[in-house]
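Chain letters run A, B, ... following the sequence lines, proteins first and then strands; every chain starts at 1.
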Amino acid sequence: MNSQMQASVPFYRDVKKLALIAQVVFLVVVVLLIALVINNINLGLKKQNLNFSFDFLNQTAGFQVAEGTAFGVPYDSSSDNYFKVVFVGLYNTLRVAVTGMILATVLGVLVGIGRLSSNWLVGRLALVYVEILRNTPVLVQLFVWYFVVILGLPAISKAQPILGVYLSNSGLATPWLVQKPDMPNFFPVTIIAVLIGLAVFAFFSNQRARTGKPTPAGWYAIAAWLLVQIIGFFALGQPLEYGAPVRGNFGVTGGLQVSPEFTALLIGLVVYTSSFIAEITRAGIQSVNKGQTEAARALGLGYSETLQLIILPQALRVMIPPLGNQYLNLTKNSSLAVAIGYSDVLNVLGTAGNQSGQNLQTFFIAGIVYLILSFTIAFLVNLYNSATRLRTR
Amino acid sequence: MQKTLETPTPRASRFQLWAQENLFSTPLNSVLTALSSLLILWVVYSLSVWAFTQARWAVIPANFRLLMIGPFPIEQIWRVWTVLIVVSLTAGLHWGSAAKGQPLVRWPFITATLIALFALVTQWGFPLSILVPTAVLAVFAGFFFGRAALSPRAVNFTWLGVFAFAMIVLSVDFGQGGVQTRDWGGLLLTMILAVVGIVASFPLGVALAIGRTSQYPIISAICTVFIEVVRGTPLVVVFFIAQLFVPLLLGGSNIDALFRAMIGITVFSAAYLAENVRGGLQSLPSGQIEAARALGLTGTQTLLLIVLPQALKAVVPALVGQGIALFKDTSLVYIIGLKELTTITNSIRNNPNFIGTEKELFFTISVIYFIFSYAMSSGARNLEKRLNTNR
Amino acid sequence: MTQPLKDLSAAPVAIQADHVNKYYGSFQALKDVSMQVKQGEVVVVIGPSGSGKSTFIRCINRLEEHQTGRIVVGGVELTNDVRNIDAIRKDVGMVFQSFNLFPHLTVLQNITIAPMRVKKLEKAAAEKVGMDLLERVGIPEQASKFPGQLSGGQQQRVAIARALAMQPKIMLFDEPTSALDPEMIKEVLDVMKELATSGITMMCVTHEMGFAREVADRIIFFDKGQVIEEATPDDFYNNPKTDRAKLFLSQILGH
């Protein structure tokens, strides 16, 4: 009966059909637009006698990459292809992005706590830091770090080592545990050790939550991590050795050496991002209701217990989504490496594009690579979010 | 502070009490105070030593015109002055209309001072003795007229007119030759890119946000994909892709590089703006839409009269933050070689006559960027206050 | 507690519901609901929370969509036809639990927006209507304020005025006093009582038993998505027929 009544309604007055029509029209317009774009691009490519194929990736790249080939991706410019060189760039991007995230978080949280300090001078200082960094472009900051600070350092022949660390206009050289060339790679061991450490932390925090016994989950995790590292070290036959930088006639050898470009990019990204993380930290801590502290103190919890058990977990929940955004921004901003000549993935792809004449494809690949990185970070943040979401009705 | 006033100790001044409370309350705080003081002294000292004894400031006045307008032809400079005076007048109107019934607020003074300062360090073309006072006068004339006679809304529309006017005056040939967009540069180009980006990305961003929050799954999915793909890509890559794709897209013809950059920055900014606006749309209680529909308002009326005014008002701070980010991001067109402030600075740095002046140059443009960004954010704080007292 | 019974037997039907069913996924919110409201009748719908009474009242102007069955309002059937939905919404005013005033508009603008935009009334005429209504609900002096500056009771009175500005034939009230502080409930109920005597058709979801006894022509008791009992107020309160109604009454009156 109902359906019969409905059937007499003309389609242009039926809400259901109107909704469907609107969507189909929208979809058709979008598809047509995309078709137009593809068609025009094809026509344009034909005019320029190019074709959109990725076959060139199999050709020999034949250009040198300044860094990332020794420890990261083994690469030989005379025999390896474009496909492989992309991975060298990707390794460099990841290196600067991951290190940057960790350091920016540490620095940002410190400055953020400084903003809330009861010491007036410290608060003001943190505020000035944040305002200056947030209100100037990151690219200009990178230029300052690279052209003014790093390249303004003394030449390596004149650099004075501090505790064995050389800081000069050809970068940073520091004592480090160095991989022995003919031994198995130690890096996977570190990854496994960190994962085990995290698992131990999760297990004991869970235990603490269930039994209520005070368990120093953090210490257990660190112990587990160190233990695995050490066992791995000996199990693989001591693949690392202590190496200190030594100054020779042609610069420094030995130890861990970091290029001036990497140093400038890393410092620039860390400092810039830390100003945003500082504000996130401040907002996060302030977002926790004052009543929460009072309630915790009334229950007899001490200051550090209150901070650890009541304030931080709640502040973190507020902080994580914007923090994830900042990690994303840091990763994307690492593409500014192009401006100071660090061999990140975009830089390498740009060179590959110019050399092979396949610019369109290389930037297309660049887009895809950054999308994958972004979605991975977004996915991890979402994972954390859904795991710690407040349960409410 | 209250407490300190109620319990006056005979010998302690208010400052001493304040310092006791805010600087030396605990041993740790005293140490922090000492360390911070040392840091501040060191920074101020080294900065002063550098600024007053070492820095070669001559590079700035020598290149001031380049920094401000890039390679803009000197014989066409009247175009820039015309725009500057019209913008000064409109800015005055803007502050005047916003300051109804209030005494002269500080922004006109600050602007006038800035214009005068710029004039002091330059010696570019035309009789400055007439033009600079005209611009300063325009700010105050606008302020008093705006305060007396105009509503803020009217001025907002005036801005759109001024924008169109500026684009025409800066380029079109009126009989004695026009100006190519590739001759735009310096701070002028930075401003143009930022304004175009903000103005053009606004409608696109709002439309994307509405699409993403739409109840229709297909529309929502398409908008979501677009927004997320753009947000997942660095602006530099967007610029590169725009440089390559836009000419192919529009038939392979020779398309203005600036135009391509504008498309890139608009699309990029729109995606971020959409996410901010979406926050505002989702913060709106569903009861608002229900009430509007129950009153018989149509879907479009509900959107325009009920949903958008509230959603946009709620995200004003986020939108200004977005504007500041966009203003700073214009520096990235350096990568594709447009001659805005950062690019010009780099080319001066590479000029053999000015080797070793990067400190002076980067310091100066950082200050310029800072002034504009900071002005925007404090303007936003004022706006926020005004919006809040409205209700 | 006695009021002169209106003779509604000859009055035309204002709202007619036949075998209405509504599901949220697998949960059935309304089960075979059938009822009738005559023109000029004041019906109070009561029932425990989650019983579907609000859902039902929101189906009447299509804020919610029913899946099967028929709803006819003022002779127009509620179908997917845009024209029917618009016609019904023009005739039906609604007042919400949380007021839902538009916070960015003044009180007067809240009231005039629909007459101006939907009925295309001139601004002056709409404002005249608005001021008359504000007079009627007793707060003409608040016309140029924003909703946020008003007390809850005042806001709800503005919301009633806003709904009345479209000159509806039927008024729906969805728990209009539930979000109010106790001292403000009376001022809203007074406006509603005045409205009830004006001859307009009213359907109220409410927990205000006093109000129900005083002005309702009929009480409909909902539980678990079904109409359990329909009766005059006196019968319902003094002599409930079903066990569920007895239980409900004992729970809300028992203390």
**Q** In terms of heavy-atom contacts, does NZ of C:Lys90 have more than 12 from other residues, nucleotides or ligands at under 6.0 Å?
**A** no

**Q** Looking at every non-hydrogen atom in both residues, tell me the closest pair between B:Gln310 and C:Pro103 and how far apart they are.
**A** OE1-CG, 3.1 Å

**Q** Would you mind telling me which of B:Leu305, B:Thr298, B:Ile289, B:Leu297 has the largest number of heavy-atom pairs within less than 4.5 Å of chain C?
**A** B:Leu305

**Q** Taking side chain as everything from C-beta outward and backbone as N, CA, C, O, which of these in C:Asn61 sits under 4.5 Å from a heavy atom of chain B? Side chain, backbone, both or neither.
**A** side chain

**Q** Any idea which heavy atoms bring C:Leu101 and B:Gln288 closest together, and the distance?
**A** O-NE2, 2.7 Å

**Q** Just wondering, more than 12 heavy atoms not from C:Lys169 lying within 6.0 Å of its NZ?
**A** no

**Q** Can you tell me if C:Glu122 has over 12 outside heavy atoms packed within less than 6.0 Å of its CD?
**A** no

**Q** Please find the pair of heavy atoms, one from C:Arg58 and one from B:Glu290, that lie closest to each other, and give the distance.
**A** NH2-OE2, 2.6 Å

**Q** For chain B, which candidate among C:Asn100, C:Leu63, C:Ile88 shows the most heavy-atom pairs at distances under 4.5 Å?
**A** C:Asn100

**Q** CE of C:Met94 to CG of B:Leu295: how many Å apart, nearest 0.5 Å?
**A** 11.0 Å

**Q** Of all heavy-atom pairs between B:Ala291 and C:Phe96, which one has the smallest distance, and what is that distance?
**A** CA-CE1, 3.6 Å

**Q** Restricting to non-hydrogen atoms, name the atom on B:Gln301 and the atom on C:Arg117 that form the minimum distance, rounded to 0.1 Å.
**A** NE2-O, 3.2 Å

